[in-house]
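All residue numbers in this chain count up from 1 along the given sequence.
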Amino acid sequence: MPSRVLAAGTAVVLLLGGLGYAVADAYDVVPGVLTVRPEPTPPPPFPDPPGAQHPTTPPDDVLPVLDASAPLPDRDALAATLTPLLADPALGPSVGASVVDVRTGEPLLASDAATPREPASTVKLFTAAAALDRLGGRRTLTTTVVPGASDEEVVLVGSGDVLLGAGPGDPDAVRGRAGLADLAAATAAALAAQGRTSTAVRVDDSLFADDRMGPGWTRLDVDLGFVAPITSIAVDAGRTTDEPYAPRVADPALAAGAAFAEQLRAAGVTVVGDVTRGTAPPDAPVLAAVQSAPVTEIAGYLLRASDNTVAEAVARLVALDAGLPATFAGSARAVTETVAGLGVDVTGMTLTDGSGLSDGASVPAAALTDLLVVAAGGTHEHLRPVLTTLPVAGLSGTLLDRFSGDAAAGALGTARAKTGSLRGVTTLAGTVPSADGRLLAFAVLADDVPATEPARRAIDAVVAALAGCGCR
């Protein structure tokens, strides 16, 4: 991640000099045709800007209907096709790859697939699956306002929704489904019913533990917009503006409280004093509440947009549901144990967070394809969004600007995958139909790449070869 390899001064030189460099996995997010606003122009220093694309769910978010009688690729023929591509110097000396038939779970290629490697943001596949399994796809997150310890205050209580809107809620969006303007208007009405026209505002973000920065994160990661400190409440994942490179606020919970106080004032309530932290009294009655998008939509958003902050908040909710601490360690353990309980072989897998941004994670390529096969299986229908909401090659999410060259065009519009990029690490895991109509799960992890862009093109070529392979 950037904090491992770049001092702040170096980052400033690169930003000013217009030089490209491999960056944190948040850079996988790019602007494009699925954005709900006009496309922003990305500045040249970054191959993929953090937070630039906030796509809606594509209308065709379904898996293709494939012929169950389509022939499997021959293993030897498949190996003969892929082995030279996996040996591309652009991928470096440390490459693991796994290809599995989705319908049967039969391994078709295992190239050092059991060796754990740094996964980068493909970790989000595990986080999304664990959230869908433990929390349920229909669950929403309720942000509430309750009376405080005295009659002179109200408490804004975080429930894990870090995609609150600063203004009115948008019923068609994931970002901003729940709006603080709506919450403030309902609160103002409740206060007026009590004859109150003024209040102090406290924020209760005690749902999550106080370890807000993951292993290896620094303030530079926050300032460059890769991630926000993890709290149980935030407006738009802590972004300071709607720009793709927006720095994140240092304290998302208090920033959300300040935004709520501003909306209270707009609703005619006098806010007394500064917004501070406070704990909601036990069993306090709810004065007002707003609901997030369902977990299914949140999981799809974090996979398409590769949003590190959202992934970490979701992972902590998984930890709480599992009875574990809402910490980085607790969420990593909860996600691992949850996917293991689904039947995924987690041998050799070590997670350190829910996003893949932190130091110390390692995952075998085989564990990723195992998860994809489990998600496609008939016994875990609730996991289907792990597959159907993945970015589509060349069309959506973090794959919008991928698969553009001739060598990769064969997978354009058909491959769906989760990207991963850290300095020296390039990964991709997803599904693609073969030339014969067989749906294949794949994962390629390269964690010692010389440069990011050539490594991405090399992995895209591998996936395109899979797409074009009858391999009989």
Requested in this report: Decide yes or no for P116 and V363: does some side-chain heavy atom of the first lie under 4.5 Å from some side-chain heavy atom of the second?
Outcome: no
Query raised in the report: Sub-3.5 Å donor-acceptor pair from the side chain of D236 to the main-chain atoms of G238, do we have one?
Result: no
Requested in this report: Starting at CG of L440, measure out to OG1 of T431 and round the result to the nearest 0.5 Å.
Outcome: 9.0 Å
Query raised in the report: Ignoring hydrogens and geometry, is there a side-chain-to-backbone donor-acceptor pair from T352 to D359 under 3.5 Å?
Result: yes
Report task. Please name the pair of heavy atoms, one in A461 and one in A408, separated by the smallest distance, quoted to 0.1 Å. Result -> N-CB, 4.3 Å
Report task. May I ask you to decide if P247's main-chain N or O and T240's side chain share a donor-acceptor pair within less than 3.5 Å? Result -> yes
Query raised in the report: So, do V295 and E297 sit near enough that their side-chain heavy atoms are less than 4.5 Å apart?
Result: no
Query raised in the report: Is there a side-chain contact between W217 and L357, using heavy atoms and a 4.5 Å cut-off?
Result: yes
**Report entry** Minimum heavy-atom distance F208-A313, with the two atoms named
**Finding:** CZ-O, 3.6 Å
Query raised in the report: Given side chains that start at C-beta, do those of V339 and D370 come closer than 4.5 Å, heavy atoms only?
Result: no
Query raised in the report: Taking atom OG1 of T143 and atom CD of Q291, what is their separation to the nearest 0.5 Å?
Result: 8.0 Å
Query raised in the report: When you measure from the side chain of S159 to the backbone N and O of T142, does any donor-acceptor pair fall under 3.5 Å?
Result: yes
Report task. Go through the steps for R175 and D242 under the test salt bridge (charged side-chain N to carboxylate O under 4.0 Å, His left out), then give the verdict. Result -> CA-CA 11 Å; R175 294 172 64 222; D242 200 32; 3.0 Å; yes
Requested in this report: Indicate yes or no: at least one non-hydrogen side-chain atom of V346 is less than 4.5 angstrom from one of F126.
Outcome: no
Query raised in the report: Can you tell me how far CZ of R117 sits from CG of L368, rounded to the nearest 0.5 angstrom?
Result: 12.0 Å
Report summary line: For P433 and L439, the nearest pair of non-hydrogen atoms, with its separation, is N-CD1, 3.9 Å
Report task. I would like to know whether E106 and R75 meet salt bridge (charged side-chain N to carboxylate O under 4.0 Å, His left out); could you show each step before the answer? Result -> CA-CA 10 Å; E106 182 177 341; R75 290 186 184 84; 2.2 Å; yes
Query raised in the report: Are the side chain of T83 and the backbone N or O of A80 linked by a donor-acceptor pair below 3.5 Å?
Result: no
Query raised in the report: Taking all non-hydrogen atoms of both residues, which atom of A455 and which atom of T426 are closest, and how far apart?
Result: CB-OG1, 3.6 Å
Query raised in the report: To the nearest 0.5 Å, how far apart are NE2 in H382 and OG1 in T296?
Result: 10.0 Å
Query raised in the report: Quick one: does S434's side chain have a donor or acceptor within less than 3.5 Å of a partner on A467's backbone?
Result: no
Query raised in the report: Would D161 and R177 count as a salt bridge (charged side-chain N to carboxylate O under 4.0 Å, His left out) if you check the C-alpha gap in whole Å, the side-chain angles of each, and the deciding distance to 0.1 Å?
Result: CA-CA 10 Å; D161 188 356; R177 175 73 61 90; over 6 Å; no
Report summary line: Minimal heavy-atom distance between V249 and V222, with the atoms involved, is O-CG1, 3.9 Å
Query raised in the report: Can you tell me how far the CG atom of D88 sits from the CD1 atom of I459, to the nearest 0.5 Å?
Result: 10.0 Å
Report task. For the pair R248 (side chain) and V227 (backbone), establish whether a donor and an acceptor sit closer than 3.5 Å, ignoring hydrogens and angles. Result -> no
**Report entry** Heavy-atom pair with the smallest gap, counting every atom of V335 and A315
**Finding:** CG2-CB, 4.3 Å
Requested in this report: Give a yes or no answer on whether the side chain of D436 reaches the backbone of R438 with a donor-acceptor pair at less than 3.5 Å.
Outcome: no
Query raised in the report: How about D448 and S94: does a side-chain donor come under 3.5 Å of a side-chain acceptor?
Result: no
Query raised in the report: Do K124 and S306 come close enough that some side-chain heavy atom pair is under 4.5 Å?
Result: yes
Requested in this report: Measure the CG-OG1 distance between D447 and T427 for me, rounded to the nearest 0.5 Å.
Outcome: 9.5 Å
Query raised in the report: Is the side chain of N308 donor-acceptor paired with the backbone N or O of F226 at a distance under 3.5 Å, no angle test?
Result: yes
Query raised in the report: Given L399, which of L412, L428, L390, D460 fulfils the side-chain contact (heavy atoms from CB on, under 4.5 Å) condition?
Result: L428
Report task. Dump the intermediate steps for side chain to side chain donor-acceptor pair (under 3.5 Å) on T398 and T419, then the final yes or no. Result -> CA-CA 7 Å; T398 62; T419 51; 2.9 Å; yes
Requested in this report: Before accepting this row, confirm whether a basic side-chain N of the pair E312/R316 lies closer than 4.0 Å to the acidic partner's carboxylate O.
Outcome: no
Query raised in the report: side chain to side chain donor-acceptor pair (under 3.5 Å) between R457 and S404: does it pass, once the steps are laid out?
Result: CA-CA 9 Å; R457 290 192 292 270; S404 57; over 6 Å; no
Requested in this report: Evaluate salt bridge (charged side-chain N to carboxylate O under 4.0 Å, His left out) for D307 paired with R239, printing each intermediate quantity in order.
Outcome: CA-CA 11 Å; D307 193 305; R239 294 179 181 87; 3.0 Å; yes
Requested in this report: Look only at the side chain of T369 and the backbone of A366, and say whether a donor-acceptor pair between them is shorter than 3.5 Å.
Outcome: yes
Query - Lys/Arg-Asp/Glu bridge criterion (N-O < 4.0 Å) met for R472, D76 - result: no
